[in-house]
Amino acid sequence: MTTTWQIPADMWRGETVAILGAGPDMTEELAATAKGHKTIAVNRAIKFAPFADMFVALDPHHPFWEEADKLGFKGMRVIGVEHDDYDALYPGMMYERVTLRGGEEIEVRNNALAAIRVAFMAGARKIILIGFDPDRYEEIHAHTGFRGLSEGLEKIISEIRAAGVEVERIDSEKQYPGQRPAKRSEQIDPATFPEQKPRKK
């Protein structure tokens with residue numbers, strides 16, 4: 001069963017927090033650059049970083065929850081819905097309001113943005129984004145209708161820098177082609193776990 005969780009403001013106060021992205025370029029070598037820091041593995045990045053302090057996967061019924069179990073992951077687990085079958089922390093739905101380049105406003109729900117928000121709210125002094133490539137992510141997931149990660153990332157980085165938090169990015173030297181993720185079980189209704197919430201009128 002999930003546990004409602006209010007992110008402690010002093011949990012990682014003054015720490016450097018590395019966030020491992022879930023893009024196709026993530027490797028064990030790239031993930032290893034996070035060692036020595038508090039680390040959040042986003043979604044599939046847990047495959048490369050079972051040493052992480054936190055695993056963020058907002059949607060349940062995802063194979064990387066099972067992957068975390070197989071790897072013997074012992075850190076905190078953060079989920080974006082309340083669910084009886086998951087022993088994880090639930091901080092809320094974790095939406096970010098984003099203005100797209102055409103001026104449209106939407107609310108986006110994304111694992112990487114949620115991980116950044118958690119690190120910031122937990123008091124991080126510096127956040128290192130490892131293996132983030134929002135443009136390629138949106139291209140790979142275009143068939144789902146997902147939009148706004150690039151704008152959301154720009155916005156949240158600007159916000160936390162204005163609050164005095166240093167942000168560094170480390171990208172992979174190699175570019176691996178992205179592929180569509182496997183479809184979820186037909187028994188799962190994607191509408192139950194929306195990645196994007198319609199704008200309120």
Side-chain angles (χ1 to χ4, degrees), residues 6-27 30-46 48-49 52-59 76 78 80 91-142 144 146-175 178 195-197 199:
Q6 184 171 350
I7 301 165
D10 60 350
M11 182 173 71
W12 289 337
R13 185 175 300 284
E15 297 272 7
T16 294
V17 179
I19 301 176
L20 302 176
D25 299 337
M26 183 54 63
T27 63
L30 193 58
T33 63
K35 289 185 176 180
H37 306 301
K38 297 297 183 183
T39 303
I40 302 175
V42 172
N43 218 358
R44 70 179 287 274
I46 193 64
F48 308 102
D53 299 280
M54 181 181 289
F55 168 53
V56 173
L58 297 181
D59 292 342
M76 294 178 281
V78 175
M93 291 294 285
M94 304 293 285
Y95 282 100
E96 296 287 339
R97 180 170 288 278
V98 170
T99 301
L100 302 180
R101 285 174 173 77
E104 179 185 3
E105 285 192 359
I106 60 174
E107 289 188 309
V108 173
R109 182 168 169 271
N110 173 267
N111 293 300
L113 298 182
I116 296 170
R117 182 64 64 186
V118 169
F120 176 52
M121 294 178 69
R125 171 187 59 83
K126 178 178 179 178
I127 297 175
I128 306 174
L129 306 180
I130 302 176
F132 277 59
D133 193 335
D135 293 334
R136 292 178 67 212
Y137 180 94
E138 290 191 347
E139 181 180 351
I140 293 167
H141 292 81
T144 68
F146 181 84
R147 302 175 295 158
L149 178 57
S150 298
E151 292 88 348
L153 186 59
E154 290 176 8
K155 177 185 175 184
I156 199 169
I157 289 175
S158 177
E159 175 188 340
I160 63 181
R161 279 178 172 161
V165 177
E166 183 181 352
V167 179
E168 178 184 351
R169 291 183 65 169
I170 299 175
D171 296 319
S172 173
E173 294 180 0
K174 296 181 179 179
Q175 293 279 296
E195 289 185 325
Q196 183 172 299
K197 186 167 64 175
R199 179 178 57 169

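Because the structure is predicted, anything quoted here is derived from the model rather than measured. Positions are given from 1 along the sequence.
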Under the 3.5 angstrom rule, does the side chain of Lys155 hit a backbone N or O of Thr99 as a donor-acceptor pair?
-> no

Donor-acceptor pairs under 3.5 Å, side chain of residues 116-126 to any protein atom, not counting sequence neighbours: which ones?
unit_1 : atom_1 : unit_2 : atom_2 : d
Arg117 : NE     : Glu96  : OE2    : 2.8
Arg117 : NH1    : Glu159 : OE2    : 2.8
Arg117 : NH2    : Glu96  : OE1    : 2.9
Arg117 : NH2    : Glu96  : OE2    : 3.3
Arg117 : NH2    : Glu159 : OE1    : 3.1
Arg125 : NE     : Gly14  : O      : 3.3
Arg125 : NH2    : Thr16  : OG1    : 2.9
Lys126 : NZ     : Glu168 : OE1    : 2.9

Indicate yes or no for a side-chain donor-acceptor contact from Arg109 to the backbone of Leu58 under 3.5 Å, with no hydrogens or angles considered.
-> yes

Heavy-atom closest pair, residues Gly21 and Ala45 = O-CB, 3.4 Å

Taking all non-hydrogen atoms of both residues, which atom of Ala22 and which atom of Asn43 are closest, and how far apart?
-> CB-CB, 3.9 Å

When rounded to the nearest 0.5 angstrom, what is the spacing between CD1 in Ile156 and CD1 in Ile127?
-> 7.5 Å

In Å and rounded to the nearest 0.5 Å, what is the CZ to CD1 distance from Arg147 to Ile106?
-> 5.0 Å

Can you check side chain to side chain contact (heavy atoms under 4.5 Å, CB included) on Ile19 and Val56, steps first, answer last?
-> CA-CA 10 Å; Ile19 301 176; Val56 173; over 6 Å; no

Intermediate values then yes/no, side chain to side chain contact (heavy atoms under 4.5 Å, CB included), Ile157 and Phe132 = CA-CA 13 Å; Ile157 289 175; Phe132 277 59; over 6 Å; no

Do the side chains of Asp25 and Asp171 get nearer than 4.5 Å, heavy atoms only?
-> no

Scan Thr39, Val42, Ile170 and name whichever one has a side chain to side chain contact (heavy atoms under 4.5 Å, CB included) with Leu20.
-> Thr39

Rounded to the nearest 0.5 Å, how far does OG of Ser158 lie from CG of Leu153?
-> 11.0 Å

Do Val108 and Leu149 come close enough that some side-chain heavy atom pair is under 4.5 Å?
-> no

Between Thr33 and Leu30, what is the shortest heavy-atom contact and its length?
-> OG1-O, 2.6 Å

Which heavy atom in Arg169 sits nearest to a heavy atom in Pro134, and how many Å separate them?
-> NH2-CD, 3.8 Å

Between Arg101 and Glu151, the two heavy atoms sitting closest are NH1-OE2, 2.7 Å

Write down the atom of Val98, the atom of Gly152, and the distance for their closest heavy-atom approach.
-> CG2-CA, 3.6 Å

Validation row: Met26, Ile130 side chains within 4.5 angstrom (heavy atoms) = yes

If we only count heavy atoms from C-beta on, is the Lys38 to Met11 side-chain gap below 4.5 Å?
-> no

